Amino acid sequence: VQLQASGGGLVQNGGSLRLSCAASGVTLDAYAIGWVRQAPGKEREGVLCISRDGYSTYYTDSVKGRFTISRDNGKNTVYLQMNNLKPEDTANYYCAFRVGHTGAHCTSDSTEYDYRGQGTQVTVSS
């Protein structure tokens, strides 16, 4: 199982990025997929999650109204659209999921994920 996040980069305050989470060895549409971020010196935090049924759950209030999550099951990919980016969004972002009977549902506890991908760095300049 491999997850690979991509799409990060350096953007100015107010800019946009779309992150992609592509998978191999697993069919993502069977699971809830979460996006988690970690900034240097800070704790890991769950940002947003999409359940197997397509429902979004926000875990970070500061991204509401700016970030959205979606999935394209045909491409086995989950996206994180980030608009109006702010310097405090600077972090390494990765996607993750958990298996088992809870795998279809989102979790607020990022330590519960069983698989996580390589992250992609997002840097927002002020």
Side-chain angles (χ1 to χ4, degrees):
V1 175
Q2 285 191 326
L3 297 176
Q4 180 65 57
S6 62
L10 173 64
V11 295
Q12 292 184 336
N13 190 16
S16 297
L17 286 172
R18 188 177 78 156
L19 305 185
S20 299
C21 172
S24 60
V26 63
T27 302
L28 293 183
D29 64 6
Y31 304 100
I33 306 298
W35 282 97
V36 180
R37 68 185 181 185
Q38 187 164 22
K42 295 186 178 180
E43 292 189 357
R44 181 175 48 195
E45 66 172 348
V47 178
L48 198 54
C49 175
I50 186 166
S51 70
R52 185 180 64 186
D53 296 332
Y55 294 100
S56 301
T57 303
Y58 289 85
Y59 295 118
T60 301
D61 287 342
S62 66
V63 307
K64 290 180 179 178
R66 301 188 297 121
F67 291 11
T68 56
I69 189 171
S70 62
R71 61 196 313 159
D72 185 334
N73 293 333
K75 294 182 178 180
N76 205 26
T77 301
V78 173
Y79 301 99
L80 180 65
Q81 178 66 45
M82 305 186 295
N83 298 326
N84 192 20
L85 282 160
K86 303 177 180 181
E88 52 264 41
D89 295 318
T90 295
N92 185 266
Y93 287 72
Y94 65 89
C95 52
F97 70 97
R98 56 180 179 169
V99 297
H101 67 282
T102 58
H105 307 291
C106 290
T107 175
S108 61
D109 185 352
S110 60
T111 66
E112 293 185 356
Y113 289 120
D114 299 302
Y115 291 93
R116 54 169 287 184
Q118 295 279 352
T120 186
Q121 179 66 32
V122 173
T123 303
V124 185
S125 62
S126 57

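Small disclaimer: the values here were computed from a predicted structure and weren't measured. Hydrogens, waters and symmetry mates play no part in the numbers below; they use all other heavy atoms, side chains included. Starting from 1, each residue takes its place in the sequence as its number.
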Query - Gap between atom CG of Leu80 and atom SG of Cys49 - 0.5 Å precision - result: 11.5 Å
Report task. Using modelled atom types only, decide if a donor and an acceptor are shared between the side chain of Tyr58 and the backbone of Phe67 within a distance under 3.5 Å. Result -> yes
Query - Candidate list Val36, Ile69, Val78, test side chain to side chain contact (heavy atoms under 4.5 Å, CB included), partner Leu48, passing option - result: Ile69
Query - Same cluster (ILVMFWY, side-chain, under 4.5 Å), Met82 and Tyr94 - result: no
**Report entry** Gap between atom CG of Leu19 and atom OG1 of Thr77 - 0.5 Å precision
**Finding:** 12.5 Å
Report task. Indicate the atoms forming the closest heavy-atom contact of Ser51 with Ala32, along with that distance. Result -> CA-CB, 3.7 Å
Requested in this report: Could you walk me through whether Thr102 and Thr107 pass side chain to side chain contact (heavy atoms under 4.5 Å, CB included), step by step?
Outcome: CA-CA 9 Å; Thr102 58; Thr107 175; over 6 Å; no
Report task. Any chance you could lay out the salt bridge (Lys or Arg N to Asp or Glu O under 4.0 Å) test for Lys86 and Asp89, step after step, and finish with the verdict? Result -> CA-CA 5 Å; Lys86 303 177 180 181; Asp89 295 318; over 6 Å; no
Query raised in the report: Got a second to check how far Asp109's CG is from Arg44's CZ, nearest 0.5 Å?
Result: 8.5 Å
Query raised in the report: For the residue pair Phe97 and Tyr115, does the interplanar ring angle fall in the parallel (under 30°), tilted (30 to 60°) or perpendicular (over 60°) class?
Result: parallel
Query raised in the report: Between Thr60 and Glu45, which heavy-atom pair has the shortest distance, and what is it?
Result: OG1-OE1, 3.6 Å
**Report entry** Side chain Asn83, main chain Thr68, donor-acceptor under 3.5 Å
**Finding:** no
Query - Distance-minimising heavy-atom pair for Arg98 and Tyr113 - result: N-CD2, 3.8 Å
Query - From CA spacing to verdict: side chain to side chain contact (heavy atoms under 4.5 Å, CB included), Thr90, Gln121 - result: CA-CA 8 Å; Thr90 295; Gln121 179 66 32; 4.0 Å; yes
Query raised in the report: Would Val99 and Val26 satisfy side chain to side chain contact (heavy atoms under 4.5 Å, CB included), going step by step from the backbone distance to the final call?
Result: CA-CA 11 Å; Val99 297; Val26 63; over 6 Å; no
Report task. Working to the nearest 0.5 Å, report the span between OG of Ser70 and CZ of Arg18. Result -> 7.0 Å
Report task. Using a 4.5 Å cut-off on heavy atoms from C-beta on, say whether the side chain of Ser16 contacts that of Val11. Result -> no
**Report entry** Heavy-atom neighbours of Glu88 CD exceed 12 at 6.0 Å
**Finding:** yes
Report summary line: Ala30 and Arg52 have their tightest heavy-atom pair at O-CD, 3.3 Å
Query raised in the report: How many angstroms lie between atom SG of Cys21 and atom CD of Gln118, to the nearest 0.5 angstrom?
Result: 11.5 Å
Query raised in the report: Where is the tightest heavy-atom contact between Leu3 and Ala23, given as atom of each residue plus distance?
Result: CD2-CB, 3.6 Å
Requested in this report: Can you measure from CD1 (Ile50) to CD1 (Ile33) and round to the nearest 0.5 angstrom?
Outcome: 9.0 Å
Requested in this report: Scan side-chain atoms only and decide if Asp29 and Thr27 contain a donor-acceptor pair under the 3.5 Å cut-off.
Outcome: no
Report task. Establish whether Leu10 and Tyr93 are linked, either directly or via other cluster members, by ILVMFWY side-chain heavy-atom contacts under 4.5 Å. Result -> no
Query raised in the report: Any link between Tyr79 and Trp35 through a network of hydrophobic side chains (Ile, Leu, Val, Met, Phe, Trp, Tyr) touching at under 4.5 Å?
Result: no
**Report entry** Taking every non-hydrogen atom, the tightest pair across Tyr59 and Cys106
**Finding:** OH-CB, 3.1 Å
